[in-house]
Every structure is written in structure tokens, then in C-alpha cells.
Asks: 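Take this structure first; my questions come after.
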Amino acid sequence: EQYQNIVVERRGRVGLVTLNRPEALNALNTALMNELVDAVTAMDTDPDVGAVVITGSAKAFAAGADIKEMSSNSYMDMYAADWFRRWEDLTRLRIPVVAAVSGFALGGGCELAMMADFIIAGDNAKFGQPEINLGVIPGMGGSQRLTRAVGKAKAMDMVLTGRFMDAEEAERSGLVSRVVPAAEVIEEALKAAEVIASKSKPAAMVAKEVVNAAFEMGLSQGVLFERRVFHSLFATEDQKEGMAAFSEKRQPEFKHR
Ligand code: HXC
């Protein structure tokens with residue numbers, strides 16, 4: 001595992017990936033994308049990993065897609081490479097992913113954070129989709145995920161003016177699940193991920209899947225999908241263990257299968 005743009009660590013059953021291009025405020029170039037997708041894809045099927053935390057530096061989660069890498073590209077360069085396509089792989093992971101955001105999460109940085117299952121923000125976090133200032137628009141899902149997260153009014157405001165949202169507004173708007181002092185954001189995210197990783201992995205994976213289905217399905221189809229998946233968990237050892245532990249008034253020992 002020789003990575004140049006990220007640092008990959010394990011903390012118990014949690015995989016911690018730290019974006020590591022400090023000289024460019026973690027601007028997301030193609031090399032970083034490939035390393036990040038490779039690293040978390042490996043964790044996705046690793047039985048010893050139950051959740052993933054993605055974080056950046058104290059100053060920047062990520063200040064966007066790498067503007068310098070793409071600035072002179074032609075339309076055909078962007079189209080032929082299907083620029084940003086591989087980021088979509090992060091949204092197909094089955095393992096839960098928490099983004100720990102300190103400092104700037106702008107453009108592709110905000111979009112990467114929104115690909116996680118939830119975002120824990122430091123009180124110094126700044127979220128924005130400032131692509132309009134560059135003569136372009138969000139290109140890694142921001143117009144869709146930000147709108148679903150915070151609604152039309154705030155999404156239009158941010159995408160059209162390029163203004164940043166601070167952590168307090170982001171929490172009030174539903175973009176982030178928790179705000180903590182900046183110095184504690186990684187610990188808080190690791191703790192949340194440890195809690196998730198201590199649960200039944202099949203249950204956690206399908207829990208994420210059914211919540212995500214709410215963004216793709218109508219209500220009655222989504223509720224039916226949830227019920228069918230709920231039924232399926234009765235095929236797992238962890239359901240037997242979890243319910244037995246409850247009856248026996250003890251902590252469950254999940255086998256994650
Ligand atoms: C490439 C970047 C970068 C980026 C920062 N850097 N953001 N390089 N791509 N997105 C580089 C700077 O060029 C600089 O390099 C170094 O990181 C430090 O940044 P500074 O600007 O000197 O820091 P500071 O003055 O503290 O300002 C921080 C900042 C500013 C406000 C976050 O860097 C900024 O506005 N960045 C761009 C934010 C943005 O527009 N993001 C959206 C990108 S487009 P040097 O070598 O000069 O030291 C996107 C979506 C894709 O993400 C859609 C198509 C575009």
C-alpha cells in the first residue's frame with residue numbers, strides 16, 4: 001500500500017483515511033481519487049473493517065477538485081476521460097462511511113463529504129460550492145446531493161452565489177449530523193465509527209442501503225424494500241445473537257455475519 005496522496009490507518013475495526021496533499025489544501029486530483037477509491041474499496045470487503053472515516057487536515061477537508069489539473073482541458077478531454085466518474089464508486093460502498101470535516105470543504109471537497117453516509121463537522125468547518133466563481137458548476141454530484149440535504153432555497157443560494165455555510169448553519173440546515181470543537185472532530189468521528197463497527201456488519205450495511213433507497217424510491221416501494229430487507233436479516237447469525245443477548249440481559253457479541 002504505497003499511497004502518495006492519502007494516509008491509511010486502522011483503529012480497531014475502523015479504517016481511517018486522511019487526505020494528505022497539504023500543499024494544495026487537499027485539492028482532489030486524479031491520483032488522489034484513485035488512491036482513495038482503491039483504499040476504501042479494499043476496506044469495503046475486509047471482514048475486519050466495520051466502518052470508515054474519511055478526514056482531511058485541520059485547515060481543509062478538501063478545497064475542491066484540483067483546479068490546476070483541469071484548467072486547460074478541452075471539452076473532449078473532460079468527456080473522453082469522463083472526468084470525476086470514478087468518485088461515484090464511493091457512493092456504491094456497502095460499508096458505512098463517516099466524513100470528519102475540519103476547515104474548508106469546498107466544491108469537490110463538499111461533494112466528497114456528501115458522498116459519505118453522514119458528516120461530523122468541526123466548529124471551524126466551511127462548506128461551499130463556489131464553482132460559479134470559476135465559470136463552471138458542481139461536477140461531483142453537488143447540485144443533487146446538496147439539494148437533497150438542505151433543500152432548494154439554500155442549495156440555490158450556495159450554488160448561484162458561491163457563498164460558504166459555516167458549521168452552525170450546516171447543522172441547522174441538515175447538511176451535517178453533529179458539530180464539535182474543531183480539535184475533537186476526528187476523535188468524535190472515530191468514536192461514531194467505532195460504535196457502528198461494533199454492530200452487526202450485515203445489519204449496518206443494509207441499514208445504509210435502505211436509508212439511501214429513500215433518495216431513489218417512492219414511499220410505498222421504499223417501505224416494501226425495507227420490510228423485505230428486514231425479513232432477510234433473520235437469516236443472519238447476528239440477528240439470533242442480538243435478540244438472544246437482549247433476552248439474556250447481556251451485551252451481544254456479533255460475528256458480523
Ligand atoms: C488546486 C488549490 C485548490 C484547488 C487551493 N489550492 N485550492 N489548488 N485546486 N481547488 C492551492 C492554492 O493554489 C495554493 O497553492 C494552496 O492550495 C493554498 O491555497 P491558498 O489559496 O493560498 O490558501 P488560502 O489563501 O488560505 O485560501 C483558501 C481557499 C482558497 C479559500 C480555500 O484556496 C480557494 O478559494 N480555493 C479554491 C476553492 C474552490 O474554488 N473550490 C472549488 C474547485 S472546483 P500555491 O501553490 O499557490 O501555494 C470543484 C468542483 C469541480 O471542486 C467542478 C468543476 C470545476
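Atoms within each ligand, like the ligands themselves, are counted from 1 in listed order. Because the structure is a prediction, the values reported are computed rather than measured. All values below come from the heavy atoms of this structure, side chains included, with hydrogens, waters and symmetry mates left out. Residue numbers start at 1 and run along the sequence shown.
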Asks: Using a strict 4.0 Å threshold on nitrogen-to-oxygen distance, state whether R86 and D38 make a salt bridge.
Replies: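 So R86 pairs with D38 through a salt bridge.
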Asks: Under a 3.5 Å threshold, yes or no: a donor from one side chain and an acceptor from the other, between E69 and T30?
Replies: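 E69 vs T30: donor-acceptor pair found between side chains.
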Asks: What does the N/O contact table under 3.5 Å look like for ligand 1?
Replies:
residue	atom	partner	partner atom	Å
ligand 1	9 (N)	A65	O	3.4
ligand 1	9 (N)	I67	N	2.9
ligand 1	10 (N)	A63	O	3.1
ligand 1	10 (N)	A65	O	2.9
ligand 1	13 (O)	K68	NZ	2.8
ligand 1	15 (O)	K68	NZ	3.3
ligand 1	26 (O)	K59	NZ	2.6
ligand 1	41 (N)	A63	O	2.9
ligand 1	46 (O)	K68	NZ	3.4
ligand 1	52 (O)	A65	N	2.6
ligand 1	52 (O)	G108	N	2.6

Asks: Just wondering, more than 12 heavy atoms not from M78 lying within 6.0 Å of its CE?
Replies: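 Above 12, so yes.
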Asks: Could D89 and R92 be called an ion pair, given the rule that one side-chain N must be under 4.0 Å from one carboxylate O?
Replies: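 Yes, charged N to carboxylate O under 4.0 Å.
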Asks: Salt bridge or not between K255 and E241? Use side-chain N to carboxylate O under 4.0 Å.
Replies: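 No, K255 and E241 are not salt-bridged.
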Asks: Taking CD in Q251 as the centre, count heavy atoms belonging to other residues, nucleotides or ligands within less than 6.0 Å. Is the count above 12?
Replies: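 Atom CD in Q251 is not crowded, with 12 or fewer foreign heavy atoms closer than 6.0 Å.
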